[in-house]
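The structure presented is a predicted model; accordingly, all values stated were derived computationally and were not measured. Just so it is clear: chains get the letters A, B, ... in the order the sequence lines come, proteins before strands, and each one is counted from 1.
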Amino acid sequence: MSLDSSRSASSTGQKSKRSVNSISSNPSSSSNNKKHKKNTNQKTLGAVWGAKSPSSSRSSFRKSPFSDFGSYMVHKNRKLHNQFDAEASSSSHSGLSCEKPIFRGISIFVDGFTIPSSQELRGYMLKYGGRHENYFSRYRVTHIICSNLPDCKIKNIRSFSGGLPVVKPTWILDSVAANKLLSWFPYQLDQLVDNQPRLLDFFAPKNSLVSKDALLQYENEDTSFKGSEQKDESFPEAGQPLLHSQQISGESDDIICQNTDILIEEPTVGSEKSCKVKIVEMSNFDAEGDSNVKDELQTNLHELSVSSYCSDNQDSKGLPSRLSYRSHSTKDPDFVENYFKNSRLHFIGTWRNRYRKHFPNLSKGFKNMDSNPNDCTGSQKTSIIHIDMDCFFVSVVIRNHPELKDKPVAVCHSDNPKGTAEISSANYPARDYGVRAGIFVRDAKALCSHLVIFPYNFEAYEEVADQFYNILHKHCKKVQAVSCDEAFLDVTDLEGEDPELLALTIRKEIFESTGCTASAGIAGNMLLSRLATRTAKPDGQCYIPPKKVDDYLCQLPIKELPGIGHVLEEKLKKKNVQTCGQLRILSKDTLQKNFGMKTGEMLWNYSRGIDNRHVGMIQETKSIGAEVNWGVRFKDSKDSQNFLSSLCKEVSLRLQGCGVQGRSFTLKIKKRRKYAEEPVKYMGCGDCENLSHSITVPVATDDTEVLQRITKQLFGFFNIGKPYK
DNA sequence: ATCCTCCCCTAC
DNA sequence: TAAGGTAGGGGAGGAT
Ligand SMILES: Nc1ccn([C@H]2C[C@H](O)[C@@H](COP(=O)(O)OP(=O)(O)OP(=O)(O)O)O2)c(=O)n1
Ligand SMILES: [Mg+2]
Ligand SMILES: [Mg+2]
């Protein structure tokens with residue numbers, strides 16, 4: 001009930017996509033899912049694929065990742081307000097460390113029963129500068145610790161160790177006794193000795209974590225497929241005799257490749273046709289009990305998306321066989337699950353749902369500006385703080401590596417200087433070289449050859465985010481979470497407090513508690529405080545007083561405004577608009593005519609520093625979905641069906657995890673564009689067309705089997721593989 | 001006018 | 001090798 005206010009305020013009535021649901025229907029509703037809650041919420045929670053790049057942008061992006069994306073990164077004046085920096089560093093970091101950090105860079109995972117116990121080993125690791133992981137991850141763990149095992153278990157360990165050293169616990173004990181890191185080589189598990197990779201360089205002082213990746217690469221390097229190396233973008237390799245040859249059985253072509261025949265002639269390298277599928281499902285809540293207004297069911301939309309690449313024949317040799325290791329949609333039966341486990345975008349995309357469960361009462365727009373409907377009631381001007389962690393993923397993983405603080409560091413799955421893994425976050429020294437989130441690691445290495453790469457540590461991000469929000473909630477009731485590292489605070493009501501001092505205090509606490517720095521922007525509305533944060537970074541804060549607003553905005557490149565991405569930027573550039581000052585010249589009418597009513601108004605307002613949003617207006621979830629656009633390769637229709645099936649399962653789990661059901665469902669697919677070349681990105685989806693169909697069913701569901709039926713039907717709408725029609 | 005479907009765009 | 005997700009806002013154009 002309270003919620004409609006939020007939506008109506010801005011949108012002037014209807015046009016809201018789906019009705020909003022009533023009150024509390026959400027968690028309470030279906031009683032049945034109680035038990036799921038615990039399990040599911042943790043790792044599930046899904047998402048939808050965003051159909052990111054339009055054709056135009058896609059191609060430009062491909063050619064020069066930097067040019068249109070982060071090109072300028074306006075380098076922030078770190079100036080003013082940099083206080084506690086020095087002082088805090090002394091007091092802050094808890095010290096588990098007074099001992100010589102002989103295990104620096106070492107991260108162990110203890111498998112099974114050991115003497116001494118896993119807990120004791122953990123104690124040693126922490127005390128001597130190392131790490132201990134409770135869960136195995138090939139990216140975080142550098143050594144597996146394990147006692148000799150029965151043969152039947154050995155096989156298991158061999159397969160999951162992924163080539164990491166498997167070492168006896170005495171390695172730790174002896175190293176501690178010697179007060180230096182001994183080579184693990186003599187301590188390998190007896191049964192595995194023959195198979196150990198030679199990884200002596202592991203201990204290269206720098207960061208062993210990285211070297212692991214590097215080594216793996218070297219092994220495979222030569223076999224890397226040529227297609228993607230350099231030229232790939234230039235021309236469609238005309239020749240390429242493809243192994244194509246005959247095709248498959250009738251089956252394969254029907255599903256996927258609709259224009260198979262045509263495609264075959266295409267320049268495409270590998271004989272694959274890509275095609276993507278995306279499914280979205282929408283649904284209403286099962287309001288069950290409160291029937292009240294049936295229309296209130298909030299519709300909850302649930303999307304599934306899949307993208308696939310189908311290769312029509314030749315499952316045999318050629319490129320594909322080489323790719324077949326394990327992470328590949330048709331090769332790995334648990335592909336979807338593994339994929340999500342390692343996806344950074346999945347992590348940040350689902351973070352919000354985890355936050356909701358973690359801070360149930362705080363996450364819903366806290367009664368928020370309750371009374372004052374239109375507020376704006378002048379009396380006191382509102383005061384908003386925006387706060388954002390500096391290069392979050394990097395800061396967290398280098399907390400215990402002070403020597404790296406001023407060196408260029410980035411977080412990425414791979415350190416392969418020829419690889420197409422994406423940089424997730426780069427610290428400020430790295431940004432000086434032009435390295436930034438989203439570029440390929442090979443491009444990053446080209447910009448900065450000594451860039452240090454760290455692997456992800458999702459558990460740590462989760463933990464730091466919790467500390468971050470605990471601190472924010474402690475100081476302010478009106479907190480609107482934006483993402484795992486970013487939030488708005490409405491501090492208007494905290495009259496006794498000077499916002500700038502408060503920001504200082506909060507940042508200091510964050511640093512002391514997490515070892516990571518945050519920056520803050522303080523201003524009269526959300527737009528301005530957010531912009532202020534950008535100029536404050538890194539490790540600073542910035543207040544924009546009302547009088548300075550005009551000066552501040554006038555020169556500001558429009559791309560800096562939230563809501564203006566690369567497409568809008570280009571469109572405006574064509575009209576000769578590059579700064580807010582220039583944007584102001586256009587009338588609201590013109591803008592609305594060119595960009596639509598809402599977008600036009602937004603542009604007009606933002607260019608003047610006007611923003612009427614309120615902190616804390618968070619609505620109920622409207623949609624839940626899951627999508628995969630990487631590593632999807634289908635050989636025949638069965639593969640695609642299996643894949644859709646796993647997505648249905650995933651979505652079903654996520655719905656249950658949230659305690660909601662859906663009535664409206666959308667399937668999205670990606671289909672390889674006719675003249676698309678081989679994807680530049682390893683296991684990527686390349687240049688695709690995005691298609692979607694949706695359907696609304698009479699009764700809301702979260703049942704896997706029902707989803708499968710619906711999905712099948714939706715899939716049929718695409719007529720994939722039926723050239724005529 | 002309003003809704004509905006199929007997109008596109010943006011942010012993290 | 002590598003993990004290109006997720007969710008919401010909004011526009012165009014056709015159906016009602
Ligand atoms: N394209 C992107 C953008 C972000 N992230 C992840 C990594 C970031 O650390 C985190 C937070 O995003 P921010 O936009 O806040 O970026 P950073 O915190 O890394 O840097 P900044 O100091 O600019 O906030 O989200 C990502 O993986 N890929
Ligand atoms: Mg940040
Ligand atoms: Mg952020």
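- At dA2(C), one or more side-chain N or O atoms of T420(A) fall inside 4.0 Å of OP1 or OP2 (strictly under the cut-off).
- Using a 4.0 Å cut-off, no side-chain N or O of K559(A) falls inside it from OP1 or OP2 of dT10(B).
- For S483(A), whose side chain is taken as the heavy atoms from C-beta onward, the closest listed nucleotide among dC12(B), dG4(C), dC7(B) is dC12(B).
- Aromatic ring centres of W351(A) and Y355(A) lie closer together than 6.0 Å.
- Toward the 5′ end of DNA chain C lies the nearest nucleotide of G419(A), the other residue of the pair I348(A) and G419(A) mapping further downstream.
- Note that the CG atom of L568(A) and the CE atom of M602(A) stand 6.0 Å from one another [nearest 0.5 Å].
- The distance between atom NE2 of H346(A) and atom P of dA11(B), rounded to the nearest whole Å, is 22 Å.
- Between F340(A) and W630(A), a ring centre-to-centre spacing not shorter than 6.0 Å is recorded.
- Residue R344(A) is in sugar-phosphate contact alone, with no base atom involved, counting any heavy-atom pair closer than 4.0 Å across all strands shown.
- With dT10(B), dG11(C), dA2(C) as the choices, the nucleotide that has an atom nearest any side-chain atom of K681(A) turns out to be dA2(C).
- The side chain of S623(A) sits closest to dA7(C) out of dG9(C), dG10(C), dA7(C).
- Candidate nucleotides dC8(B), dT10(B), dT1(C) were compared by shortest atom distance to the side chain of N690(A), and dC8(B) ranks first.
- With distances taken from any side-chain atom of S343(A) to the nucleotides dC12(B), dC8(B), dA3(C), the minimum falls on dA3(C).
- One interatomic measurement links the two molecules: CG of N594(A) to C1' of dG10(C), which rounds to 16 Å at whole-angstrom precision.
- Contact between the side-chain N/O atoms of T621(A) and the OP1/OP2 oxygens of dA7(C) is not found at any separation under 4.0 Å.
- Note: NZ (K571(A)) to P (dG11(C)) measures 11 Å, nearest angstrom.
- Set against dT5(B), dC7(B), dG5(C), the side chain of S694(A) has dT5(B) as its closest nucleotide.
- Residue R530(A) places at least one side-chain N or O under 4.0 Å from the OP1 or OP2 atom of dC12(B).
- Side-chain atoms of Y339(A) lie closest to dG5(C) of the nucleotides dG5(C), dT1(C), dC12(B).
- Distances were taken from every side-chain heavy atom of H413(A) (C-beta onward) to each of dC6(B), dT10(B), dA2(C); the shortest belongs to dA2(C).
- In the set dA2(C), dA7(C), dC9(B), dA2(C) carries the atom at the smallest distance from any side-chain atom of W630(A).
- Atom CZ in F340(A) sits about 15 Å away from atom C1' in dA2(C), given to the nearest Å.
- Nucleotide dC12(B) holds its P atom 16 Å from the CD atom of E422(A), rounded to whole Å.
- Annotation: salt bridge (Lys or Arg N to Asp or Glu O under 4.0 Å) contacts of K588(A) (sequence neighbours excluded): E601(A).
- Between N629(A) and dA3(C), a side-chain N or O to OP1/OP2 separation shorter than 4.0 Å is absent.
- At a threshold of 4.5 Å between non-hydrogen side-chain atoms, the residues I387(A) and F468(A) count as touching.
- OP1 or OP2 of dG10(C) has at least one side-chain nitrogen or oxygen of K598(A) nearer than 4.0 Å.
- Across the protein-nucleic acid pair, R354(A) atom CZ and dA7(C) atom P stand 11 Å apart, rounded to whole Å.
- Atoms CZ (F347(A)) and P (dA11(B)) sit 21 Å apart, rounded to a whole Å.
- The side-chain contact (heavy atoms from CB on, under 4.5 Å) test applied to A446(A) returns no partner, not counting sequence neighbours.
- Following rounding to the nearest Å, D485(A) (CG) and dA11(B) (C1') show an atom-to-atom distance of 12 Å.
- Nearest nucleotide to the A421(A) side chain, out of dT10(B), dA2(C), dA7(C): dA2(C).
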